[in-house]
Amino acid sequence: MPGKVRVRFAPSPTGGLHLGGVRTVLYNYLFARQHGGDFILRIEDTDQSRFVPGAEEYIVNCLQWCGLQPDESPQKGGPYGPYRQSERKALYRQYAEQLVQAGKAYYAFDTPAELEAMREQYKTPENQSPQYDHRLRMKMRNSLTLSPAETKRLLDEDTPHVIRILMPENEEVKFTDMIRGEVNFNTSTVDDKVLLKADGMPTYHLAVVVDDYLMKITHAFRGEEWLPSAPVHILLWKYLGWENDMPQWAHLPLILKPDANGKLSKRDGDRLGFPVFAMNWTDPRTNEFTKGFREIGFLPQAFVNMLALLGWNDGTDQEIFTLEELVQKFSIDRVHKGGARFDYEKAKWFNHEWIKRMDAAALLPEVKNFIPKKDIDEDYLLKVIALIKDRCTLLTEFWDQSKFFFGTPEQVDLDAIRPKWNAAKEEFFKLVIEKFKSVSSWNEPGLETMFKKLASEKNIKPGEVLLPLRIMLVGGKFGPGVFAIAELIGEKETVARIERVLSGLQQAS
RNA sequence: GCCGCGUUCGUCUAAGGGCUAGGACACCACCCUUUCACGGUGGUGAUACGGGUUCGAAUCCCGUACGCGGUACCA
């Protein structure tokens, strides 16, 4: 019986969590849930120079917001910890040494300056970036070119060194990618990647293989940018003797810029005016602030839904999916091979659909985060939400669409009334006030009937006084049905607003 | 440069040898609405190019072009 499905998301904590990162999380998560497996969060913080304080906590919070919580993580722990590679540092060296003993890797003593000089020296128009590979390794300072005694001496003297994989010459490495099918590489075109750095930390290549093995990962999904280094990883699995435990691979297509070539970056968001990170992020080193999908007014359900459909579909015309439906219907082999351009308009459409489909009660806690007024009666707020939600695309729009339910409008567009204002209309609204004051049951249909009846009695077309009424109550030409608004704000407030505008019009004339 | 991966309306995509290449976003028009939205109906709009294979190709094969990714002691 095959082991339990185990997948992981392994970000390096260097900044905000990008759209593509969240989608990678999502596909991992869906696959794990669908197969009753485990989803692990592993922090790949092996590059000490790029460590950013707070980035890990930020990533954890993003996953929390999206509802994609890991089963094992640095915070939750689990049977295969620690889950931060920096805390696993001592683990990796033995595997690198094991490879050296087996003749699959070697010590290299070249300094950064020497590597730079090598690249400069061997650079030609045909070979623009010379590699540390089978053609050049014998010209460098390593345990392949140095005598055993010299190597031992350098090691004994703690000379800074790295361990590099010894790539074989002219071997085919092939594997089956769950999305792309069979993929082939010739080992002669791959360089001798550094496995263990001079500071004793592993590079990604070593760490990902060792940790995936130790953590019993069965399926490894990651971005397409990793495809070129897949042969290194596959060889490592083989050389370490773990070939039978190697996970199945899937390299996910990239998310591209909407308007130009290349993969989507944070800068595109700044330039085009949409978020790229899941949540607000401030870089602690530069204080640079970047807006997130959460703060710009996205529902996590819509955000996740939108991401799921960027590169995947279930083969039907369905576009709106709950997380549960996605868990049920997701399949990795229906994921696209080609990259997908990000379209912010479509992203907003998903959010709008979710807002329309969710009932006011479900929206209430989300909306509360976006309205400045805190002491609002929940029943009243519920009614307001029900009335305006269809016209809000982002959560941030709720307040602008509903301010007038919570207080007299500060700005009233008198200029929209004035041109067609006359004594007859003024007279009419004074009568309206009287009628409204004496109404027995204050509700939308009753008010509408009464208002229109009064208008026709006075030989005024309802349309000529409906807009003025709206502006009196709302302040401008927007909002839901005017009598629904009147019903909600109540008789006293309705009358007060009409009176206020009436006197405003008198003063101005 | 080299290696790898891609390529269906402007964008996200369906169609895995066989109907007029379907849907969604966006856009346009009309309807609904005496506000603004929602909604409804309709419309514009695509198989990168060239060769094969086949009765028949978006689909299979080869080539070309274009795009993307990689080419670090970064992930």
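In what follows, every chain begins at residue 1, and chains take the letters A, B, ... in the order their sequences are listed.
Residue-to-nucleotide contacts include no donor-acceptor pair under 3.5 Å from the side chain of A:Lys193 to the base of B:rA72.
Of the side-chain N and O atoms in A:His205, none sit less than 4.0 angstrom from OP1 or OP2 of B:rG70. A close approach under 4.0 Å does occur between a side-chain nitrogen or oxygen of A:Arg164 and OP1 or OP2 of B:rC73.
Among residue pairs with one or both ends in residues 246-263 of chain A, those qualifying as salt bridge (Lys or Arg N to Asp or Glu O under 4.0 Å) are A:Lys257-A:Asp268, A:Asp259-A:Arg271; sequence neighbours excluded. Listed by first and then second residue, the salt bridge (Lys or Arg N to Asp or Glu O under 4.0 Å) pairs involving residues 349-358 of chain A are A:Glu353-A:Lys356, A:Glu353-A:Arg357 (not counting sequence neighbours).
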Side-chain donor-acceptor contacts of residues 158-168 of chain A below 3.5 Å, not counting sequence neighbours, with atom names and distances?
| unit_1 | atom_1 | unit_2 | atom_2 | d |
| --- | --- | --- | --- | --- |
| A:Thr159 | OG1 | A:Leu154 | O | 2.7 |
| A:His161 | ND1 | A:Thr159 | O | 2.9 |
| A:His161 | NE2 | A:Arg93 | NH2 | 2.9 |
| A:Arg164 | NH1 | A:Asp192 | O | 2.8 |

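Residue A:Thr14 is out of contact with every strand shown, counting any heavy-atom pair closer than 4.0 Å. Across all strands shown, A:Gly223 has no heavy atoms under 4.0 Å from either base or sugar-phosphate atoms. Contact annotation for A:Arg341: backbone-only contact, meaning every heavy-atom pair under 4.0 Å involves sugar-phosphate atoms and none involves a base.
Using a 4.0 Å cut-off on heavy atoms, the residues of residues 184-192 of chain A that approach RNA chain B are A:Asn184, A:Phe185, A:Thr189, listed by number. Contacts with RNA chain B (heavy atom under 4.0 Å) in residues 469-477 of chain A: A:Arg470, A:Lys477, listed by number.
In this view, A:Glu56 and A:Gln75, A:Arg84 satisfy the side-chain hydrogen bond (donor to acceptor under 3.5 Å, both in side chains) rule, not counting sequence neighbours. Listed by chain and residue number, A:Lys266, A:Asp270, A:Phe277 satisfy the side chain to side chain contact (heavy atoms under 4.5 Å, CB included) test with A:Thr290 (two or more places apart in sequence, or in another chain). Under the salt bridge (Lys or Arg N to Asp or Glu O under 4.0 Å) criterion, A:Asp283 pairs with A:Arg285, not counting sequence neighbours.
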Polar atom pairs (N or O), protein with nucleotides 62-69 of chain B, under 3.5 Å:
none

Between the protein and nucleotides 29-34 of chain B, which nitrogen or oxygen pairs come in under 3.5 angstrom?
| unit_1 | atom_1 | unit_2 | atom_2 | d |
| --- | --- | --- | --- | --- |
| B:rU34 | N3 | A:Gly463 | N | 3.4 |
| B:rU34 | O4 | A:Gly463 | N | 3.2 |

Tabulated below should be each protein N or O lying under 3.5 Å from an N or O of nucleotides 38-40 of chain B; please produce it.
| unit_1 | atom_1 | unit_2 | atom_2 | d |
| --- | --- | --- | --- | --- |
| B:rC38 | O3' | A:Lys356 | NZ | 3.1 |
| B:rG39 | OP1 | A:Lys356 | NZ | 2.4 |

Could you pull out the protein-nucleic contacts involving nucleotides 42-46 of chain B (nitrogen or oxygen on both sides, under 3.5 Å)?
none

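B:rG67 and B:rA48: their C1' atoms are spaced 11 Å apart (whole Å).
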